[in-house]
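Along the sequence shown, residues carry numbers from 1.
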Amino acid sequence: QLALVESGGGLVQAGGSLRLSCAASGSTLDTYVMGWFRQAPGKEREGVICIDKNSIQYYKDRSAKSRFNMLRDNAKNTVLLELNSLKPEDSGIYYCAAATRTGLSAMCESENGVRVWGAGTPVTVSS
C-alpha cells in the first residue's frame, strides 16, 4: 500500500527558495504519474505541476513555469519540488499525489486518476 509523506515546507521571504520532498513507502513511484497540488487559504486545492514516468512535466500553474521544477529521484523513491523566486501568492499547503491510468494534463487539471495523497506541507511566503 503506497503512502506519501511530504516535507520541506516553511516560512520564506518573497524571492526566496524552498525544496519540497515527497517520500514514498509501500510501493515504488516509477509506475505512477506524480503531482504537486496547492491549497491556498480559503481556496480549493489546485494543481501546480505534474510529472510522468519519463519525467515530462506539465505545469497547471503557468506562473510557476519559470520558477518551479519537479524531479524524480527513483533511487530514493522520492519526488522533489524546487520552488524558486517565491511570491506571496505561492503560499498554501502543498500536497503530493500519485495517480494511475491517467494522462499528465488530466491529473494536473482535474486530479484524474489520483490514488494516494500525502498529508501536505505548508509553505508561507512573506512579502
Side-chain angles (χ1 to χ4, degrees):
Q1 186 85 6
L2 178 66
L4 303 173
V5 178
E6 303 94 334
S7 61
L11 173 64
V12 63
Q13 288 188 333
S17 298
L18 285 173
R19 193 185 205 200
L20 307 185
S21 179
C22 173
S25 61
S27 182
T28 56
L29 292 181
D30 54 359
T31 60
Y32 291 86
V33 181
M34 300 298 297
W36 285 95
F37 295 75
R38 176 180 62 227
Q39 186 165 21
K43 295 187 177 181
E44 293 188 356
R45 185 172 58 202
E46 60 180 0
V48 178
I49 182 173
C50 298
I51 192 169
D52 71 6
K53 302 169 196 179
N54 297 313
S55 293
I56 305 284
Q57 297 179 75
Y58 178 87
Y59 288 85
K60 167 65 167 61
D61 179 358
R62 297 292 189 266
S63 75
K65 195 162 187 178
S66 60
R67 302 183 295 123
F68 295 0
N69 186 39
M70 186 173 182
L71 304 167
R72 287 185 177 269
D73 187 340
N74 290 334
K76 295 183 179 179
N77 208 26
T78 297
V79 292
L80 304 170
L81 179 62
E82 298 175 335
L83 308 171
N84 299 303
S85 302
L86 282 161
K87 304 175 182 180
E89 53 264 41
D90 296 322
S91 298
I93 307 294
Y94 281 71
Y95 297 92
C96 177
T100 60
R101 299 182 181 180
T102 184
L104 193 57
S105 60
M107 180 193 184
C108 245
E109 295 285 346
S110 58
E111 301 183 4
N112 189 58
V114 173
R115 301 287 181 254
V116 180
W117 290 95
T121 186
V123 172
T124 303
V125 184
S126 62
S127 57

Q: For the pair Arg38 and Arg45, evaluate side chain to side chain contact (heavy atoms under 4.5 Å, CB included) and give the outcome as yes or no after the intermediate values.
A: CA-CA 5 Å; Arg38 176 180 62 227; Arg45 185 172 58 202; over 6 Å; no
Q.
For a quick test of reading the model, state the closest non-hydrogen atom pair linking Gly35 to Cys50 and the distance between them.
A. CA-SG, 3.8 Å
Q: With rounding to the nearest 0.5 Å, note down the distance linking NZ in Lys76 to OG in Ser21.
A: 8.5 Å
(Q) Let me confirm one number: the CD-OG distance from Glu46 to Ser110, rounded to the nearest 0.5 Å. (A) 13.5 Å
Q | Gln57 side chain to Asp52 side chain, donor-acceptor N/O pair below 3.5 angstrom | A | no
(Q) Looking only at the side chains, is there a donor atom on one of Arg67 and Ser85 sitting less than 3.5 Å from an acceptor on the other? (A) no
Q) Is there a donor in the side chain of Gln39 and an acceptor in the side chain of Tyr94, or the other way round, less than 3.5 Å apart? A) no
Q.
Tell me whether Met70 shares a hydrophobic cluster with Leu20, the cluster being built from Ile, Leu, Val, Met, Phe, Trp, Tyr side chains joined at under 4.5 Å.
A. yes
(Q) Closer than 3.5 angstrom, by distance alone: can the side chain of Glu6 be matched with the main-chain N or O of Tyr95 as a donor-acceptor pair? (A) no
Q. Between the side chain of Arg19 and the main-chain N/O of Glu82, is any donor-acceptor distance below 3.5 Å?
A. no
Q: Establish, from distance only, whether the side-chain atoms of Asn84 and Ser17 form a donor-acceptor pair under 3.5 Å.
A: yes
(Q) Do Val79 and Ile93 land in one hydrophobic cluster if side-chain heavy atoms of ILVMFWY residues count as linked below 4.5 Å? (A) no
Q. Taking atom OG1 of Thr31 and atom CG of Leu29, what is their separation to the nearest 0.5 Å?
A. 7.5 Å
Q) Are Phe37 and Trp117 an aromatic pair by the rule of ring centers under 6.0 Å? A) yes
Q | Backbone of Ala106 reached by a side-chain donor or acceptor of Tyr58 within 3.5 Å | A | no
Q. Under the 3.5 angstrom rule, does the side chain of Ser91 hit a backbone N or O of Val125 as a donor-acceptor pair?
A. yes
Q) Would you say the side-chain atoms of Asn112 and Thr102 include a donor-acceptor pair closer than 3.5 Å? A) yes
Q: Would you check if the side chain of Asp61 reaches a backbone N or O of Ser63 as a donor-acceptor pair within less than 3.5 Å?
A: yes
Q. Atom CG in Asn69, atom CD1 in Ile51: separation rounded to 0.5 Å?
A. 7.5 Å
